Amino acid sequence: MPLDTSAYSLALLRVDGRRWNELRRMHAQIRTQAAADGSSYLEMGHTKVMCVVTGPSEPGPRRSAVGASGGTGVGGGSGEAAQAEVAVSIVIAGFSSVDRKRTARGDKRILEMQSTISNALAGSLHTHLYPHSAINISLHVLSQDGSLLAALINAATLACVDAGIPMTDYVAACTAGSTSTYAAGDEAADPLLDLNQQEEQELPGLTVATLGESDRVAVLVCESRVQVSRLEGMLAVAVDGCKQVREILDRVVRDKGRRMVQEGTIEKGVGVNDMEID
Amino acid sequence: MAASTEPEAALSVLPRADGSATYAHAGYTVMGSVNGPIEASRRDEHPYEAHVDVIVRPAAGVGGTRERHLESILQSSLSQLILVKNFPRQLIQIVLQIEATPENDYVNTKLVQASLNFPVVPALLQTAILALLSAAVPMRETAASTVVAVVPQGAKRLLVDPVPRDLEAAHSVHVLAFTSQDELLLAESEGDFTVKEWDEVYEAAKEICCRPRTLDEENDVGPDLRHFLRTTLEEKVAEDLYWK
Amino acid sequence: MAAAAPPSLSFPRPVFAKLSPHPYLLRTLAPQVSPDTPTPKPSRTNGRAPHEARPVYIHTSSLSHAHGSALVRVGDTTVICGVRGEILPVTSIPQYRPRADFGEDDDEETRRAGRGELKDYDLLVPNIELATGCAPQFLPGVPPSTLAQTISTRVYSLLHSCAVVDAKNLRIWASPVVTKPTGCDDDADKMEEDDEEEEEKPELVAYWVLYVDILVVSFDGNPFDAAWMAVLAALRDTKLPVVTWDSDRGVAFCSRNAEKRKLQIKGLPVACTAAVFLEKEHGSETSGEENNRHWILLDPDRSEETLCGETITMVVDCEGGETRLRSLEKQGGTVIGRELIRGFAGVAEKRWREVKGAMSK
Amino acid sequence: MPREIEPSLNEKQFVLQALQEKFRLDGRQFDQYRPLELTFGDQYGVADVAFGKTKILAKASAEVTVPYADRPLDGVFAIATELSPMASPAFEVNRPTETEVLLSRLLEKTVRRSGALDTESLCLVAGQKCWSIRVDVHVLSHDGNLIDTACFAVVAALRHFRKPDTSVEGGILTVYTPAEREPVPLSWLHSPFCVTWSFYGDRGEIAVLDATWTEEQIRVASCTISLNRHGEICQISKLGGTPVEAVALLQCTSIALTKAKDFSVFLDKKLAEDTKKRNIGGFMAELRSENDR
Amino acid sequence: MPVTILAPKAMRQDYGQADKQNISDDSDDADSSNGGAELDYAELAKADAEGHTHKRPRIAGGDFEIVTPGEVITDDPQWMRGHGTYVAAGTTSIISSVAGTITRTNKLLSVRPLRARYTPEVGDLVVGRIVEVQAKRWRVDVGATQLASLPLSAINLPGGILRKRTETDELQIRTFFAEGDLLVAEVQQLFQDGGAVLHTRSLKYGKLRNGMFVAVSGMGGGGGVVRSRRQVWTLEAASGGGPIDVVLGVNGYVWISKHVETPEGLVEKTSGITNLDESVSATMYSSQNDRIGPETMREIARIRGVVTALVDNGLRVDEDMVMRGYHEAVEMAMVSSVGADDIYLGGERGEQLAAVLTAV
Amino acid sequence: MATAQPLYVLPGDTIDPSLIPTHKKLPLRLGPGLRHIPPSAIVPTVAGQLVADHKKNSMWVEYNGGRYIPAPNDLVIGQIQRSAADFYFMNLTPFTSNATLPQLAFEGATKKNRPQLASGALVYARVVLANRHMDPELECVSSSTGKAEGLGPLTGGMAFDVSLGLARRLLMARSREEGKVEILELLGAEGLAFETAVGRNGKVWVGSDSAKTIILVGRALRETDDGKLDVDQQKKLAKRLIREMK
């Protein structure tokens with residue numbers, strides 16, 4: 001059913017009652033699988049994904065070139081690689097969306113997402129520390145309600161942090177949209193943060209991933225038709241959203257860390273504040 | 001009609017391939033590239049000679065069984081011309097991209113045709129040879145090829161480089177290729193014909209492929225392919241060696 | 001055959017054959033003159049004379065579910081072919097276009113048009129399968145080999161170029177009796193079919209599509225001849241049930257015990273293949289006069305095929321008294337020239353008679 | 001199959017150093033394309049496009065088929081991008097590489113999903129028969145920036161293409177041969193073009209247009225922006241790589257728009273020339289078909 | 001310069017507040033919200049308010065300092081960066097590249113990750129599994145980022161340790177260690193790329209048998225085994241279990257086995273292994289288990305239970321904890337209905353055990 | 001040198017015996033593009049211009065294009081792929097199987113101290129052994145003198161691809177007179193400071209302190225090659241480029 005955009009202009013409320021710059025409820029955990037080197041579970045609204053990271057470890061048998069990229073994106077793989085290869089695989093559960101449709105093995109959309117996530121993380125992870133080895137990231141989509149790529153990137157980042165793989169900073173992602181379709185063509189359309197499935201289908205939108213708290217964009221994917229004039233607004237909101245997401249992810253990691261220190265699993269570190277040399 | 005037109009060719013048109021050529025004749029346009037000798041993949045590595053890999057790609061639609069057949073015909077013929085023994089365990093890769101085929105304005109045919117179309121073979125073979133020469137791949141000799149159709153009525157029963165319309169009417173269609181030593185390299189015929197008819201076809205084709213250079217250009221049996229090949233190459237070599 | 005093994009040979013024949021097949025075959029084809037065999041006859045490793053083909057064995061209608069079938073054995077090459085007809089309503093042919101007149105009279109024009117029909121609507125669908133294990137090189141789970149694709153293309157082309165099946169035998173008509181009462185759109189159809197007048201013209205409603213499936217059970221060289229023989233035998237064996245057309249529901253049906261009509265097959269084209277065996281191994285640069293001999297091996301088996309580069313396949317049909325060629329394929333070498341081809345026509349005729357015999361049995 | 005070898009250390013270092021000193025190997029400006037060449041074939045729907053040493057041939061073709069069950073009122077429209085060893089021996093037939101997947105996805109999003117071609121106009125008999133339009137992209141020579149080149153070639157080919165005329169009477173479809181009726185153009189809605197930026201430097205601060213193969217092998221990130229001359233974005237993809245300042249991306253977009261407009265003007269000009277040329281040829285064709293009747 | 005947000009025309013100001021107010025009700029309509037989430041919202045409401053320029057870590061955590069990737073540890077140039085940190089291009093600030101706790105060895109700052117793969121150090125005692133046999137060496141999985149290698153020259157050869165290596169040894173390399181074999185070894189040296197080289201040239205080391213293997217996360221951090229005084233000891237098992245060896249590989253691989261009188265014993269007595277008798281060296285590479293009594297098996301299983309329980313409850317795994325845990329476990333078994341055979345230590349029983357241990 | 005009217009040949013052509021140089025003492029030497037079929041036939045294998053040198057009693061076919069095929073004593077620029085125990089695996093042209101360069105084949109290299117070269121580094125080397133059945137072998141030191149003679153690792157600079165023909169001409173002893181190429185000399189005369197190394201495998205390495213200069217030389221080479229410029233045009237080109245640079 002078509003999205004009633006007129007309602008927005010009146011109450012400035014979205015279909016799910018959010019304001020223009022509100023994220024959906026975001027919940028995440030790390031350390032969900034004891035066996036894995038790193039693991040995470042993440043919800044953005046009703047989009048639910050989980051991630052398991054193994055490695056860095058000796059690369060196994062050669063897998064398909066797609067979605068597996070060396071630090072630079074070109075070449076990659078091969079025994080003599082100077083940096084670790086980041087291999088991503090995505091499995092979308094049949095029950096994840098309303099109409100159960102099988103996703104084919106070589107589905108190009110998924111291959112594209114794989115290589116995107118792989119390249120995005122390779123840009124932040126310090127892969128050069130692990131020559132001729134592989135970092136395997138396997139993602140599972142349990143439920144889809146928009147912003148899938150963003151959720152996957154966030155989950156992958158968390159899992160890599162959990163695995164203790166050195167990285168420049170978090171790669172945090174979210175989506176942004178615009179309140180009216182390109183056809184409506186009003187230049188003055190408002191930007192929207194964090195689209196759900198319905199908004200994603202009806203409205204123009206883009207997915208952005210930034211590095212840490214900076215304004216530096218690692219991933220920018222826009223798959224819908226929209227006036228250039230609206231890009232800046234959407235991008236700004238998205239970048240801001242990414243910063244919020246980073247805070248949330250960071251919180252998750254810190255809470256976990258604190259708990260571990262409390263339990264005495266790891267001894268306390270020296271304070272950051274008392275940094276004077278003695 | 002298309003039959004009488006002279007063929008056109010250009011060599012080394014692709015800057016990044018070892019050798020390449022385009023060849024246009026009788027409504028067919030083919031782009032050919034040659035890379036080699038290069039490292040052969042494990043499965044087509046041959047201990048004593050180079051593996052000649054031919055890939056034929058249709059202008060529209062995906063390559064199917066008939067492309068495989070064309071490839072095997074060309075592969076067996078070209079391996080005869082190339083000095084494969086010079087490059088053991090190596091690969092010589094020939095890609096032939098069909099760019100245009102003569103269209104019949106009187107029918108709408110399907111995109112992917114399963115039946116093999118002989119008339120494209122000469123164009124493919126000529127292109128491959130030109131590309132090989134441009135890649136300076138050592139060869140035993142060169143070759144030339146043409147297609148001849150036997151039509152029911154009309155002034156001359158033999159049509160060289162027939163257009164699709166003629167092909168429909170033709171009793172039989174013949175493709176022949178001769179090496180520069182005047183030996184019969186390839187002969188593919190289909191339709192309904194007798195040994196005698198084939199003999200006539202053989203004569204006509206040989207006339208086109210192996211006419212001695214001295215012969216005057218009066219009688220219009222069709223293009224003089226051997227002469228064409230030589231002139232094309234001489235131009236190229238002269239150009240390459242402009243500094244001499 | 002002691003002469004075949006040279007004194008120098010220190011290991012038994014099978015080993016010799018395995019180690020160096022080329023010299024081995026060469027020896028048997030060109031045996032040295034020795035006291036006990038003053039004039040040795042050249043023979044192949046399989047004991048045949050160069051121009052001797054393997055005997056043909058054909059058995060038809062062995063498959064109960066196919067409309068026509070045949071099993072062909074040529075030496076150790078065994079091929080099964082099954083023909084199955086399926087009804088294809090014209091409405092479900094995307095690029096179907098009604099033609100003004102289907103001239104039933106048998107002139108050039110209509111025959112060519114018929115050929116067009118066969119091609120454009122895909123009424124003949126051959127498919128060949130080289131069964132796993134029919135020869136060592138065929139492994140399970142691999143995409144169809146180049147050989148399989150090549151053969152199916154050749155069969156397909158030959159089927160059309162020889163026009164053994166005429167399109168008119170595959171057309172399914174709705175008799176005017178049935179068409180009369182039916183609705184207005186039907187009239188419209190007729191309008192379309194041929195602009196105005198003559199109401200009584202029957203209407204073309206569907207085609208028979210013939211699926212020709214070829215299975216090579218065991219493979220010992222020369223698959224094409226055998227495959228083509230099987231196809232021909234199976235087609236000659238094909239009987240299609242008479243179809244009645246229900247124009248109300250717009251479907252064709254044939255009752256289980258409907259009478260079956262034999263499919264008309266035109267001519268008896270027979271394929272005959274030979275391979276050229278060179279004295280010097282292919283490509284080797286030593287070209288003296290003495291070692292330039294060659295042999296033409298008719299109906300080569302697998303081991304011979306691996307040793308031969310050049311092959312020739314001639315399809316002949318002597319049904320109408322005089323010998324007519326239906327196809328000629330020669331490639332992979334420069335030995336076979338004009339003279340040899342002329343001569344080969346004779347060989348092919350001989351082969352044709354043999355096969356004809358086997359067919360009529 | 002042999003793998004593509006990476007450029008030598010010397011080349012990597014030098015190209016980067018040169019870029020930092022504002023030089024490109026071929027002396028181009030950073031936002032300057034290589035000379036663009038476009039030639040149409042004798043047949044409709046064949047476009048041969050070259051950016052410098054990158055050459056791509058696109059051929060459009062049409063065929064009547066049965067529409068997909070789930071969308072009976074739409075025609076079928078597919079863009080086939082199979083990279084053959086002609087582009088580089090590293091490409092193997094029917095074994096898609098990452099390059100190939102990303103290329104086909106980009107064209108899909110830019111041309112198909114942006115609704116450049118009105119697929120509903122391809123429907124002939126609802127649920128039964130429709131046109132299937134297909135564009136085959138043949139990469140003849142690969143010297144970088146396949147995406148922009150391929151996209152331009154596809155758009156050019158489709159706008160140049162003519163499909164056979166048809167008529168439907170009483171549910172019976174007639175497809176006319178070119179001899180019977182002049183073929184008709186597709187119903188085309190807007191022309192999107194791809195503009196690809198390559199980024200260099202630790203923070204991706206250097207942005208370059210239309211990178212050559214060597215430059216592509218050395219870049220740290222890339223971003224492809226697809227726009228039409230109405231200033232509508234059809235697609236943007238920066239698929240990972242070194243992060244780039246958001247502001248810089250906005251600047252890239254505005255420059256991309258001007259490039260897209262240039263392309264659009266250029267293409268219109270070429271098409272106009274071609275039709276002028278053809279009017280004579282078309283007339284001749286008419287005559288010929290008359291004679292043959 | 002940062003990009004500016006284009007706000008909607010209407011009622012811009014109120015949004016700041018709007019966020020704060022609607023935090024609570026928002027989390028209501030969201031299904032099963034938990035405290036964590038709400039806290040986050042408060043957090044980022046604050047973040048919104050104060051803008052995003054701060055790079056200081058949040059002091060919320062108070063006493064236990066966790067640093068996370070991208071967090072600036074110090075701008076003070078006099079520090080040196082160690083593991084788990086990097087220096088941003090063109091700055092002096094040391095930034096954390098992992099999530100963990102800061103360690104300081106005088107001027108060197110490094111971050112110990114909450115958890116990571118085992119990073120080998122020379123002298124570590126590790127338990128490993130052979131994954132590949134090559135001409136002159138074995139590749140051993142020790143849970144590190146790369147396979148460790150064990151050269152044929154670095155093992156004790158049967159028939160006296162001083163024997164020189166011969167071609168025959170190379171040919172029958174599999175008779176010493178084959179794929180899948182477990183062994184205990186020491187890290188002898190490291191390659192620059194972090195790969196480890198092992199040796200078993202001491203009778204403490206070598207092939208493992210007569211017991212069971214447990215993998216817990218390793219020294220990379222995140223609890224599990226910690227480096228300590230003793231990694232290997234023998235305990236006298238309760239209820240007739242007999243002596244049992246416990247090997248806590250520093251890499252988080254644990255081996256628990258029936259104690260067999262290893263040459264080690266003799267070594268102590270006969271100070272020097274030269275006159276080591278053949279019989280022992282013969283069994284050195286045997287893959288045959290000796291007969292193990294059911295009691296012993298039970299106790300081995302119990303110890304395993306203790307180790308996993310410790311890990312599940314995020315407790316350190318070292319000799320002290322294992323021994324105490326074991327005794328507690330025995331006690332718990334005694335009181336339980338089933339008696340000594342009750343070796344289950346999962347679920348709340350595990351937590352119970354952990355509680356006791358932490359309480360003390 | 002070549003006859004007034006150049007003779008072009010195609011593979012398989014029969015060569016008029018009169019053209020084959022006959023010399024009392026020296027044996028006939030066949031250069032590239034020719035093969036000898038016993039007993040006495042000499043047949044071209046490529047398309048090109050037949051050249052006979054009666055003084056040296058040798059003949060060959062002059063042609064340009066195709067892929068570089070290693071021949072002994074050729075100077076080449078190789079790229080290190082990876083290093084084995086005591087070999088470097090070198091790449092001479094893309095997609096061809098690797099050539100080997102012994103790590104001891106450098107000036108003054110010993111078991112103890114041998115050059116440590118990273119993969120991707122460029123090396124100027126000489127082809128020692130080229131044989132259809134084996135991978136080609138290279139060296140960076142003259143086996144006779146034990147000196148590098150300019151061979152060895154190429155540091156910094158940039159490698160440009162040129163046609164095999166141009167590479168050959170640049171390597172000619174009298175490249176200006178015979179090869180008709182003097183663009184490099186011209187640029188040098190214009191006061192550009194740069195050094196070059198020419199590889200027979202179609203690579204020219206240019207080193208200089210100024211990136212600008214390197215690019216300029218690179219463009220000069222490419223334009224000379226693509227534009228097939230004769231000496232005068234080369235002069236113009238040099239002038240133009242220098243002007244642009246200013």
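All values derive from a computational prediction rather than experimental measurement. Throughout, protein chains are lettered first and strands after them, A, B, ... in sequence-line order, and every chain is numbered starting at 1. Values below: all heavy atoms of this structure, side chains included; hydrogens, waters and symmetry mates excluded.
Residues B/Asn86 and F/Arg35 have side chains not in contact (no heavy-atom distance under 4.5 Å, counting atoms from C-beta outward). Using a 4.5 Å heavy-atom threshold, the side chains of B/Phe87 and F/Ile69 count as touching. F/Lys228 places a side-chain heavy atom less than 4.5 Å from the side chain of B/Asp240. A heavy-atom distance below 4.5 Å is found between the side chains of B/Arg89 and F/Asp135.
Interface remark: B/Glu239 contributes backbone and side-chain atoms alike to the contact with chain F (heavy atom separation under 4.5 Å). Of the atoms belonging to B/Ala238, heavy atoms from both backbone and side chain fall under 4.5 Å from chain F. With a threshold of 4.5 angstrom between heavy atoms, B/Thr142 approaches chain F through its backbone and through its side chain.
Within a 6.0 Å sphere centred on OH of B/Tyr242, heavy atoms belonging to other residues, nucleotides or ligands number more than 12. Within 6.0 Å of the CZ atom in F/Arg29, the count of heavy atoms belonging to other residues, nucleotides or ligands does not exceed 12. When the shell of 6.0 Å around CD of B/Glu8 is examined, it contains 12 or fewer heavy atoms from other residues, nucleotides or ligands.
Taking OG1 of F/Thr96 as the start and CD of B/Gln90 as the end, the distance is 8.0 Å to the nearest 0.5 Å. Summarising the geometry, atom OH belonging to F/Tyr8 is positioned 6.5 Å from atom CG belonging to B/Leu241; distances are rounded to the nearest 0.5 Å. Taken to the nearest 0.5 Å, the CG atom of F/Leu10 stands 7.0 Å off from the CD atom of B/Glu234.
Closest non-hydrogen pair, F/Pro11 versus B/Ser180, comes out as O-OG, 4.2 Å. Taking all atoms of both residues into account, the shortest heavy-atom contact from B/Trp243 to F/Met172 is CH2-CE, 3.8 Å. Minimum interatomic distance between F/Asn64 and B/Lys236 (heavy atoms only, all atoms of both residues): O-NZ, 3.6 Å. A pairwise comparison of heavy atoms in B/Pro88 and F/Arg132 identifies CG-O, 3.4 Å as the closest pair.
Screening B/Asn35, B/Val137, B/Val34 for a side chain to side chain contact (heavy atoms under 4.5 Å, CB included) with F/Arg67, the sole residue that qualifies is B/Asn35.
Taking chain B as the reference chain and counting heavy-atom pairs below 4.5 Å, the highest number among F/Thr93, F/Asp13, F/Val9 is found for F/Asp13. Of all the listed residues (F/Ala47, F/Pro32, F/Gly65), the one sharing the greatest number of non-hydrogen pairs under 4.5 Å with chain B is F/Ala47. Looking only at heavy-atom pairs under 4.5 Å with chain B, the residue among F/Gly33, F/Pro44, F/Pro94, F/Gly48 that has the most is F/Gly48. Most heavy-atom pairs under 4.5 Å with chain B, from the set F/Leu229, F/Asp230, F/Asp161, F/Val231: that is F/Leu229.
No donor-acceptor pair closer than 3.5 Å links the side chain of B/Arg140 to the backbone N or O of F/Gly12.
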